[in-house]
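Structure record follows, encoded as structure tokens.
Here, residue 1 is the first one in the sequence, and each next residue gets the next number. Atoms within a ligand are numbered from 1 in the order they appear, just like the ligands themselves.
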Amino acid sequence: MGIGKTTPFEDLIEKAGGCAVVDGGFATQLEKHGADINDPLWSALCLIKDPHLIKKVHKEYLEAGADILVTSSYQATLPGFVSRGLSIEEGESLLRRSVELALEARDSFWDSMKNKHGGHAYNRALVAASIGSYGAYLADGSEYSGSYGSNVGLDKLKDFHRKRLQILVEAGPDLLAFETIPNKLEAQACVELLEEENIKIPSWICFSSVDGENAPSGESFKECLNVINKCDKVKAVGINCAPPQFIEDLILKLNKLTDKAIVVYPNSGEVWDGRDKKWLPSKCFNDDKFECFATRWRDSGAKLIGGCCRTTPSTVQAISKALKEKL
Ligand SMILES: C[S+](C)CC[C@H](N)C(=O)O
Ligand SMILES: N[C@@H](CCS)C(=O)O
Ligand SMILES: [Zn+2]
């Protein structure tokens with residue numbers, strides 16, 4: 001950051017009163033509308049089958065008060081599309097489309113708000129291109145274990161992420177969101193790629209966590225953040241798709257480990273069964289609980305707060321209400 005100069009990302013956080021609202025479970029809301037995403041491509045299947053629904057879900061999160069939209073590219077990958085019989089060119093076009101759909105939803109929502117009489121409380125949202133972990137692509141639940149096996153090294157992870165990263169960036173998002181990163185090696189791959197590709201837009205890197213203390217691999221967040229802190233291109237770090245009850249302690253922990261902004265968007269508390277591909281009922285938190293948590297997470301130091309799987313626009317509305325009312 002130059003003296004007296006702020007980026008759109010920093011501006012948004014400031015305009016939002018110091019804490020911006022990230023959207024909620026994207027795939028969850030697709031399913032609420034009847035989409036069947038029980039597929040290796042998971043939510044990215046809708047890029048092929050129902051792009052209108054993707055735009056509709058983005059709009060619902062904007063209406064609920066999201067300041068940041070995360071795109072539908074979490075599990076969209078070139079090898080994933082090719083294994084469904086699509087060409088590389090078609091796969092590339094779908095990746096670009098994931099960003100365009102969110103940009104179009106943002107722009108049309110913002111245009112409609114500008115013409116509203118009597119004003120409104122919305123900010124012009126930013127679009128974060130989702131980059132799901134290698135584990136998400138494997139579709140075997142390994143984004144929650146970090147166990148990629150000994151044949152998956154740094155170069156393999158960089159090769160996996162490079163082309164998609166380039167295509168998503170060329171499509172013009174405002175931010176990059178690395179999601180459910182489960183281990184230090186993949187964090188390092190992301191950081192090295194940002195440097196090698198000289199990415200100009202800000203990124204956040206989010207880890208999942210299954211024990212509330214460490215990355216899913218068992219590696220400490222201290223080790224993981226040591227890798228990330230060296231990279232100025234990463235503007236925020238945090239946790240997504242972990243249970244809400246872990247979040248407050250994790251914010252306090254991360255605050256001690258980094259000067260970067262903290263981003264948190266937990267799931268509802270349900271647990272993903274990667275083998276049977278379903279959510280297992282577990283200690284689950286409703287929208288009222290998220291409303292209480294949101295101010296606590298902000299007061300603990302989070303600068304970006306939202307929801308992940310099994311949360312919906314009503315969760316985001318509760319978070320937005322809490323953060324914008326109780327400034
Ligand atoms: C965040 S998890 C629920 C996404 C789905 C997973 N990668 C799978 O395909 O099984
Ligand atoms: N952005 C993704 C994250 C899954 S963990 C989604 O909401 O579907
Ligand atoms: Zn999730």
Side-chain angles (χ1 to χ4, degrees), residues 21-33 35-47 53-54 57-58 60-61 64 66 68-77 79-81 83-84 98-99 101-102 127-148 160 164 168 173 175-182 186 203-210 216 238-244 246-247 263-280 282 284-285 290 304 306-313 315-316 319:
V21 179
V22 181
D23 64 8
F26 175 76
T28 299
Q29 189 62 5
L30 292 174
E31 287 186 302
K32 290 236 161 179
H33 286 296
D36 180 0
I37 57 170
N38 191 348
D39 186 272
L41 288 177
W42 200 48
S43 54
L45 185 62
C46 279
L47 281 165
L53 181 58
I54 291 178
V57 167
H58 286 320
E60 287 170 338
Y61 277 116
I68 298 181
L69 289 181
V70 181
T71 65
S72 49
S73 45
Y74 177 77
Q75 212 150 308
T77 64
F81 288 134
S83 68
R84 288 196 82 81
S98 69
V99 175
L101 287 165
V127 168
S130 170
I131 300 179
S133 57
Y134 182 65
Y137 155 71
L138 293 178
D140 62 357
S142 58
E143 64 261 66
Y144 302 109
S145 72
S147 309
Y148 289 164
F160 166 73
R164 172 171 59 164
L168 291 173
L175 307 166
L176 291 178
F178 293 92
E179 303 192 282
T180 58
I181 300 298
E186 193 162 17
S203 292
W204 77 55
I205 296 184
C206 277
F207 295 88
S208 40
S209 178
V210 288
I239 308 292
N240 81 288
C241 220
F246 294 165
I247 297 298
V263 45
V264 292
Y265 50 111
N267 58 32
S268 66
E270 287 154 276
V271 174
W272 179 247
D273 176 342
R275 206 192 51 186
D276 286 348
K277 301 212 167 287
K278 57 177 199 226
W279 290 97
L280 302 173
S282 184
C284 183
F285 294 84
F290 266 84
L304 300 141
C308 203
C309 296
R310 310 294 280 172
T311 71
T312 66
T315 319
V316 168
I319 293 169

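- With hydrogens left out, the protein atom closest to atom 9 (O) of ligand 1 is Gln75 NE2, 2.7 Å, a heavy atom.
- An N or O contact shorter than 3.5 Å is missing between Asp39 and ligand 1 by distance.
- Counted by atom type alone, Glu143 and Ser133 present zero donor-acceptor pairs between their side chains at under 3.5 Å.
- Taking the side chain as every heavy atom from C-beta outward, Tyr144 and Val271 never approach each other to under 4.5 Å.
- At a threshold of 4.5 Å between non-hydrogen side-chain atoms, the residues Gln75 and Leu41 do not count as touching.
- At a heavy-atom cutoff of 4.0 Å, ligand 1 is contacted by the side chain of Tyr144 but not by its backbone.
- With a 4.0 Å cut-off on non-hydrogen atoms, Ala27 touches ligand 2 through its backbone as well as its side chain.
- Checked by distance only, ligand 1 and Lys277 come closer than 3.5 Å through their nitrogen or oxygen atoms.
- Contact analysis leaves Gly274 out of contact with ligand 1, as no non-hydrogen atom separation drops below 4.0 angstrom.
- Counted by atom type alone, Thr311 and Tyr265 present zero donor-acceptor pairs between their side chains at under 3.5 Å.
- Neither the backbone nor the side chain of Ala177 has any atom closer than 4.0 Å to an atom of ligand 2 (non-hydrogen atoms only).
- If you number the atoms of ligand 1 from 1 as listed, the ones under 4.0 Å from a heavy atom of Glu143 come out as 1 (C), 2 (S), 4 (C), 6 (C), 7 (N).
- At a heavy-atom cutoff of 4.0 Å, ligand 2 is contacted by no atom of Tyr265, backbone or side chain.
- For atom 1 (N) of ligand 2, the closest heavy atom belonging to the protein is Glu179 OE1, 2.9 Å.
- Interface atoms of ligand 1 facing Ala136, defined by a heavy-atom separation under 4.0 Å, are 7 (N).
- For atom 7 (O) of ligand 2, the nearest protein heavy atom (residue, atom name, distance) is Phe26 N, 2.9 Å.
- When SG of Cys308 and SG of Cys241 are joined through the Zn ion (ligand 3), the resulting angle is 110° to the nearest 10°.
- Side-chain contact between Lys32 and Glu60: absent, with no pair of heavy atoms (C-beta onward) separated by less than 4.5 Å.
- Under the 4.5 Å side-chain criterion, counting only non-hydrogen atoms from C-beta, Asn267 is in contact with Pro244.
- In this structure, Trp279 has a heavy atom closer than 4.0 Å to ligand 1.
- Listed by number with element, the atoms of ligand 2 under 4.0 angstrom from any heavy atom of Cys241 are 5 (S).
- Only side-chain heavy atoms of Cys308 come within less than 4.0 Å of ligand 2; its backbone N, CA, C and O stay farther off.
- Side-chain contact between Tyr137 and Arg164 is absent, with no heavy atoms from C-beta onward closer than 4.5 Å.
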